[in-house]
Structure formats: C-alpha cells, structure tokens
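Dropping the structure in here first, questions after.
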Amino acid sequence: MYTAHPDRYADMPYRRTGRSGLKLPALSLGLWHNFGPDRPVETQRAILRRAFDLGVTHFDLANNYGPPPGSAESALGDALKADFALYRDELVISTKAGYLMWPGPYGEWGSRKYLLSSLDQSLARMGLDHVDIFYSHRPDPDTPLEETMGALHTAVQQGKALYVGVSNYSPEQTREAARILAELGTPLLIHQPRYSMLDRRPETSGLLDTLGELQVGSIAYSPLEQGLLTGRYLDGIPEDSRAASDSPFLDSDAVTGELVGRLRALNDVAADRGQSLAQLALAWVLREGRVTSALVGASSPRQLEDSVAAVGNLEFGADELARIDEIVKK
C-alpha cells in the first residue's frame with residue numbers, strides 16, 4: 001500500500017489563488033496526455049504517487065481528456081481508490097467541461113444541461129462526491145454567459161464543486177464572468193490560459209492585468225509549448241515526438257529551422273542558470289508571482305522530477321529577461 005512521503009511539503013512553494021483562501025502548488029500535474037488505456041497503468045500510478053511525494057497536490061483534468069474522452073478521469077478514479085483514499089483532503093482535483101464529450105446537441109459548449117450533466121459524469125468516473133474546482137473550458141458564443149455562469153454557481157450550491165473557474169476566456173469575457181458570478185455569490189476563483197515563453201497572449205491581450213485587477217488566480221497550461229520547450233527539438237524533430245506523430249496539438253511544419261535556432265539560444269540561457277530548458281520555461285512562467293501555478297504533464301516519474309526541480313530557481317535578473325525577450329521576439 002502507498003504511503004506518502006513525510007516531507008512532501010518541504011520544498012514546493014504554495015501560492016494563494018487570487019483573493020481566496022486556497023493555495024496551489026507552484027507546479028500542478030495536468031492529466032491532458034499520458035493517462036488512458038494506451039499507457040501502462042502502473043506508470044500512470046507511479047507518476048501520480050511521485051507527484052504527491054514532491055508536493056504536487058493539484059491534479060487537473062477535463063471531461064474529454066484521454067484518449068478516449070473520459071479515460072483520464074477514470075484512471076485518476078482508480079488511482080484515488082488504490083493510493084489516495086487517505087489523502088483526499090490534501091488534494092485539489094479539478095475538471096472542466098466545454099469541448100466535445102458526446103455526440104448530439106447536448107455534448108459540448110456551455111449550456112446548463114451540458115455542464116451539469118458532464119460534472120455528474122466526471123464525478124462518477126472519479127468516484128468522488130465533489131471536485132475542488134469546476135471550469136467552463138471555453139466560452140460558448142451561442143449561450144448567454146449568464147446561463148453558463150449560473151450552471152457553475154449551481155454546481156457549488158449543490159456541493160459538487162468547491163470553487164469555479166474559466167479557461168480560454170478573453171479579458172472582456174473574464175471580466176463579465178466575474179461580475180455575473182459575484183452577483184450570484186460564487187466568486188470566480190481562477191482562469192486557465194495557454195501561456196509560455198513562445199505564447200505571450202495572456203500578456204499582450206491584457207488578460208494577466210485583468211486577473212490582477214479582479215484578484216483572480218491563474219494557472220498556465222502548455223507552459224512547455226507541447227514539448228517544444230523540453231529540449232527534445234534542439235536537433236530537429238525526433239521520430240518518436242509529438243510533432244512527428246499525427247497529433248493535432250503540434251504540427252511538424254511549425255518546427256522550422258528558425259524555431260530550432262531560438263530553442264537552442266534559450267537552451268544556452270538555461271545552461272547559464274544551471275537549468276534544463278524545461279526548467280527555464282517553467283520558471284519564466286512563474287516569475288514575478290503573476291501566475292499562481294503552471295501545469296505540467298509527464299510520461300514518467302523522472303520527467304516529472306525534472307519539471308519540479310524548476311522551483312529551486314524562480315528568480316530572474318533583468319538582463320536574463322531581456323535576453324529571453326530578444327531571442328523569442330526576433
């Protein structure tokens with residue numbers, strides 16, 4: 001039987017989420033990839049156990065994570081029962097609904113019917129009576145925001161979620177969502193945007209400024225840009241990489257000679273800091289405290305350990321930040 005490491009909270013920084021009382025680890029584990037029937041069960045469980053031993057208390061999912069959709073939540077449910085039954089109250093578990101989950105007009109987007117039905121299904125797959133955070137995974141252009149936010153509020157009122165969040169919302173949509181939720185009495189806890197050294201949209205769009213003004217937390221997904229910032233592409237496209245597969249998340253055409261040159265230059269910055277490229281990328285996202293947590297995936301416990309080591313050096317000098325900007329913005 002698994003027994004958690006007694007010093008699991010010794011080294012991981014925890015950051016308060018917006019103006020709430022909830023603290024999240026600087027690095028959280030995302031189950032977007034690597035959790036499903038196509039991966040060895042023991043490897044999945046080993047990643048989860050090692051994460052918790054390293055102080056990663058937050059496991060992030062969505063209804064459609066897999067493949068197939070739902071399988072990541074089922075895998076976590078099995079692991080919770082086998083390894084984490086004694087530790088449920090030490091974990092923050094989040095899930096989302098918004099993308100296509102089942103066929104027909106009620107299987108995606110932001111209607112009240114879809115969101116609350118999806119949450120019930122997610123809880124059943126994970127064997128839980130509630131999640132800690134429930135997200136609207138994307139804005140729905142055809143459903144009033146009042147309906148979508150009202151569904152999140154209902155999830156809290158029903159005791160099926162403790163907090164609510166949004167993902168992939170613009171600054172304007174986020175501001176309106178926060179207003180609606182505040183009027184209902186359920187604060188907006190957190191926003192989950194895509195953010196990395198190579199994708200600065202949360203900065204350029206004003207999203208981070210909006211979140212700061214609203215006192216809403218943030219958790220960045222794809223901080224390693226689908227593996228581009230892990231060092232795997234320093235010599236081009238490996239045969240077993242995501243870019244070499246038929247993955248819809250990273251196109252091989254995007255890995256140009258120019259990009260590889262930038263990645264090598266960033267790797268030099270990382271080496272000067274005594275970090276891997278992945279550690280540099282994670283530290284950069286977490287700099288200045290504007291981002292509450294960064295989501296990392298892992299295909300092995302060792303890969304997870306490398307990511308978590310980033311918290312050992314989160315400080316940047318002005319010259320380092322300028323050097324990174326010069327490389328990325330060429």
Side-chain angles (χ1 to χ4, degrees), residues 30-39 44 59-80 93-170 172-174 176-177 180-181 184 186 188-194 221-222 226 242 245-251 295 297:
L31 278 68
W32 185 7
H33 305 293
N34 303 316
F35 286 83
D38 60 335
R39 307 286 175 147
Q44 298 175 47
F59 299 157
D60 178 79
L61 301 104
N63 58 354
N64 63 334
Y65 286 179
S71 60
E73 290 179 330
S74 296
L76 179 64
D78 292 342
L80 291 174
I93 297 173
S94 61
T95 196
K96 315 175 198 72
Y99 286 93
L100 181 64
M101 183 59 192
W102 62 82
Y106 318 121
E108 64 177 324
W109 294 108
S111 72
R112 180 179 182 84
K113 178 173 176 59
Y114 168 63
L115 291 175
L116 295 178
S117 297
S118 177
L119 178 56
D120 284 342
Q121 292 182 22
S122 292
L123 292 174
R125 282 189 289 268
M126 292 186 283
L128 297 174
D129 60 5
H130 74 277
V131 291
D132 297 282
I133 308 171
F134 182 47
Y135 287 88
S136 168
H137 206 166
R138 61 172 172 172
D140 183 346
D142 297 321
T143 298
L145 196 55
E146 288 81 1
E147 179 176 342
T148 301
M149 295 303 107
L152 297 185
H153 171 66
T154 295
V156 173
Q157 294 298 104
Q158 292 177 337
K160 295 176 181 179
L162 300 185
Y163 301 93
V164 299
V166 297
S167 182
N168 300 306
Y169 277 53
S170 71
E172 296 76 20
Q173 291 165 332
T174 301
E176 183 64 5
I180 295 167
L181 285 168
L184 292 170
T186 297
L188 178 61
L189 174 79
I190 195 167
H191 188 298
Q192 187 173 132
R194 181 167 181 156
Y221 76 86
S222 293
Q226 293 297 314
R242 190 167 293 160
S245 72
D246 58 356
S247 170
F249 304 111
L250 182 59
D251 192 324
L295 280 166

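Start at 1 with the first residue, then count along the sequence. Keep in mind the model is a prediction, meaning the values are calculated, not measured.
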Please round to the nearest 0.5 Å and tell me the distance separating atom CG of L181 and atom CG of L152.
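Separation between the atoms: 6.0 Å.
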K96 side chain vs L61 backbone, donor-acceptor pair below 3.5 Å
yes
In Å, rounded to the nearest 0.5 Å, how long is the span from OG of S167 to CD1 of I133?
11.5 Å
Taking C-beta and beyond as the side chain, do V164 and H153 meet within less than 4.5 Å on heavy atoms?
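Heavy-atom side-chain distance check fails, nothing below 4.5 Å.
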Can you list everything that forms a side-chain hydrogen bond (donor to acceptor under 3.5 Å, both in side chains) with Y99? Sequence neighbours excluded, please.
none
Testing the basics here: between W32 and S222, what is the closest heavy-atom pair and its distance to 0.1 Å?
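Nearest heavy atoms, W32 then S222: CZ3-OG, 3.5 Å.
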Any non-hydrogen side-chain atom of T95 less than 4.5 Å from a side-chain atom of F134?
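The answer is yes, as the side chains (C-beta and beyond) meet within the 4.5 Å cut-off.
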Could you check whether any side-chain N or O of Q173 sits under 3.5 Å from a backbone N or O of S170, counting only pairs where one atom can act as donor and the other as acceptor?
yes
Please walk me through it: do N168 and Y221 pass side chain to side chain donor-acceptor pair (under 3.5 Å)?
CA-CA 10 Å; N168 300 306; Y221 76 86; 2.7 Å; yes
For M101 and P69, the nearest pair of non-hydrogen atoms, with its separation, is SD-CB, 3.6 Å
I need the H191 NE2 to T174 OG1 distance, nearest 0.5 Å.
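The NE2 atom of H191 sits 3.5 Å away from the OG1 atom of T174.
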To check you understand the geometry: which heavy-atom pair defines the closest contact between D129 and L123, and what is its length?
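Scanning both residues completely, I find the closest heavy atoms to be O-CD1, 3.9 Å.
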So, Q44 side chain and R39 main chain: donor-acceptor pair closer than 3.5 Å or not?
yes
Mind running side-chain contact (heavy atoms from CB on, under 4.5 Å) on E147 and D140 for me, showing each step along the way?
CA-CA 10 Å; E147 179 176 342; D140 183 346; over 6 Å; no
Side-chain contact test, heavy atoms from C-beta onward, threshold under 4.5 Å: evaluate it for N63 versus R125 and give yes or no.
yes
Name each donor-acceptor pair under 3.5 Å that joins a side chain in residues 103-110 to protein atoms two or more places apart or in another chain, with its distance.
| unit_1 | atom_1 | unit_2 | atom_2 | d |
| --- | --- | --- | --- | --- |
| E108 | OE1 | R138 | NH2 | 2.8 |

I'd like to know if the side chain of S117 and the backbone of K113 have a donor-acceptor N/O pair within less than 3.5 Å.
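Yes.
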Measuring from atom OG of S71 to atom CG of L76, what distance do you get when rounded to the nearest 0.5 angstrom?
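If we round to the nearest 0.5 Å, S71:OG and L76:CG are 11.5 Å apart.
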Between L116 and K160, is a side-chain contact (heavy atoms from CB on, under 4.5 Å) present by the stated rule, with each step listed?
CA-CA 10 Å; L116 295 178; K160 295 176 181 179; over 6 Å; no
By side chain to side chain contact (heavy atoms under 4.5 Å, CB included) - contacts of L162 (at least two apart):
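Listed in chain order: H130, D132.
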Can you confirm whether Q192 sits close enough to L295 that some side-chain heavy atom of one is under 4.5 Å from a side-chain heavy atom of the other?
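In contact.
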So, D60 and S94: side-chain donor and acceptor under 3.5 Å apart, yes or no?
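The criterion, which ignores hydrogens and geometry beyond distance, is satisfied for S94 and D60.
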Separation between CD of Q226 and CZ of R194, rounded to the nearest 0.5 Å:
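Those atoms lie 5.5 Å apart.
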OG1 on T148 to CD1 on I180, rounded to 0.5 Å:
8.5 Å
Check whether any side-chain heavy atom of L31 lies under 4.5 Å from a side-chain heavy atom of E73, and answer yes or no.
no
